[in-house]
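We name chains A, B, ... by the order of the sequence lines, and we start the count at 1 in each one.
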Number of protein chains: 2
Amino acid sequence: MDPHGAHPSSKPLLETLTARLRNMAHRLTTPRRDILDALRRGAHPMSHRQIHSALRGSCDLATVYRSVHLLESAGLVQRFDLGDGVRRYELLGEDGHGHHHHLVCRRCDRVVELLECFAPELEQRVASQSGYSGVTHRLEFFGTCPACQSA
Amino acid sequence: MDPHGAHPSSKPLLETLTARLRNMAHRLTTPRRDILDALRRGAHPMSHRQIHSALRGSCDLATVYRSVHLLESAGLVQRFDLGDGVRRYELLGEDGHGHHHHLVCRRCDRVVELLECFAPELEQRVASQSGYSGVTHRLEFFGTCPACQSA
DNA sequence: CACCACCTGCAAATCGTTTGCATTTTTTCC
DNA sequence: GGAAAAAATGCAAACGATTTGCAGGTGGTG
């Protein structure tokens with residue numbers, strides 16, 4: 001666990017990402033490349049709006065929604081729900097590598113990236129005891145960050 | 001873990017719930033009582049809309065939103081985010097007892113209530129290593145239920 | 001039983017997200 | 001390198017969940 005760091009995995013090259021997209025039989029368009037690049041630069045999960053403003057309006061917000069949706073189903077990005085009604089996304093390594101969780105401050109929304117994922121064996125247990133297949137999980141932590149504690 | 005059962009904890013009396021509300025220095029109004037009763041009867045987490053229709057329009061949808069919000073901050077109900085953009089709620093025992101998780105079918109949205117909560121010691125670890133205080137968590141599982149697997 | 005703070009109903013506003021359609025871009029193939 | 005087909009984009013409008021302003025109604029306290 002790394003209380004201060006940014007995204008745990010080292011950043012992949014933009015080329016690597018675009019290659020992955022092409023291999024999925026998807027077109028490489030300017031918005032998609034730019035979105036991947038924006039996510040590559042971001043340290044924390046980004047909302048559609050954040051991505052859109054990082055792009056400085058180089059493409060439409062609707063395109064961000066459509067592209068991120070495609071990137072998600074292509075397995076290039078992972079969605080996170082941090083409690084407010086806003087969806088956020090981070091790059092995901094190949095074969096699902098890079099799966100992790102977050103710790104969010106209830107007061108100031110500061111986000112800490114947590115390195116380890118504890119639950120893989122839990123997924124197994126849940127799957128075998130319920131009969132469900134392809135079990136995944138979503139886990140986030142919430143608390144009050146040091147700064148907000150003293151404030 | 002109970003793959004087939006409904007809410008794990010036995011249902012509290014409606015009187016018990018209303019008493020808890022009164023003790024929090026909140027008024028006991030008809031809509032609030034009815035909402036608590038609807039949640040008491042429901043086996044799975046209910047959305048505002050579901051609660052509202054369980055009440056057969058005896059109060060306004062906006063009142064459901066306002067009341068559930070109050071019940072949540074009073075610690076009487078707990079919110080669950082099951083992945084679609086819809087918030088769902090279940091009764092929560094006193095002192096936070098009754099905390100648990102769900103397993104949701106990606107195809108048909110069937111929900112399984114999971115009895116155990118694995119993460120309390122994780123909260124400790126996350127808290128001490130990050131400096132955050134009052135750490136809680138949200139954990140849900142997703143998969144494909146037996147029926148949808150064969151379909 | 002009267003009063004006051006609080007709550008409700010109603011309707012409109014807000015916010016995130018999706019969608020229809022005409023136009024532009026990417027890719028493929030010659 | 002260029003034309004044609006398939007797919008993606010921009011724009012604006014639609015949508016669904018949730019919130020809010022305001023006028024009138026209600027709970028519980030003295």
- Item | Residues A:His102 and A:Glu90: side-chain donor-acceptor under 3.5 angstrom | yes
- Item | Within 45° cone of B:Phe142 ring axis and under 6.0 Å: A:Arg138 NZ or CZ | yes
- Note on the structure: B:Glu72 CD to D:dT19 P, in whole Å, measures 10 Å
- Query: Does a side-chain N-to-carboxylate-O contact under 4.0 Å join A:Glu72 and A:Arg79?
  - Reply: yes
- What nucleotide, of C:dT18, D:dA17, D:dG10, holds the atom closest to the side chain of A:Asp60? D:dG10
- Task: Rounded to the nearest angstrom, tell me the gap between atom CD1 in A:Ile35 and atom C1' in D:dT9.
- Result: 11 Å
- Item | Along DNA chain D (nearest heavy atom to each residue), the more 5'-positioned of A:Ala62 and A:Arg32 | A:Arg32
- State, to 0.1 Å, how close A:Gly143 and B:Tyr132 come at their nearest heavy-atom pair, and which atoms those are. C-CD2, 3.9 Å
- Between C1' of C:dT26 and CE of A:Met24, the distance in whole Å: 19 Å
- Run the salt-bridge test on B:Asp34 and B:Arg32 with the 4.0 Å N-O cut-off and return the result as yes or no. no
- Look at the side chain of A:Arg66 against the base of C:dG20 and say whether a donor-acceptor pair falls under 3.5 Å; ignore hydrogens and angles. yes
- Item | N or O in side chain of A:Thr30 less than 4.0 angstrom from C:dT26 OP1/OP2 | yes
- Of B:Thr29 and A:Arg27, whose closest DNA chain D nucleotide lies nearer the 5' terminus? A:Arg27
- Expressed in angstrom and rounded to an integer, what is the separation of A:Leu61 atom CG from D:dC11 atom C1'? 12 Å
- Note on the structure: Ranking C:dC7, C:dT18, D:dT9 by distance to the side chain of A:Tyr65, first place goes to C:dT18
- Message: Without decimals, in angstroms, what is the distance between A:His48 NE2 and C:dT19 P?
- Response: 13 Å
- Message: Just the rounded figure in Å: distance from C1' of C:dC7 to NE2 of B:His26.
- Response: 13 Å
- Message: Whole angstroms only, please: what is the CZ-P distance between B:Arg87 and D:dG16?
- Response: 18 Å
- Message: If the cut-off is 4.0 Å, is B:Arg22 near the phosphate of D:dG28, judged by side-chain N/O to OP1 or OP2?
- Response: yes
- Nearest-Å distance for atom pair CG/P, residues A:Asp81 and D:dA17: 16 Å
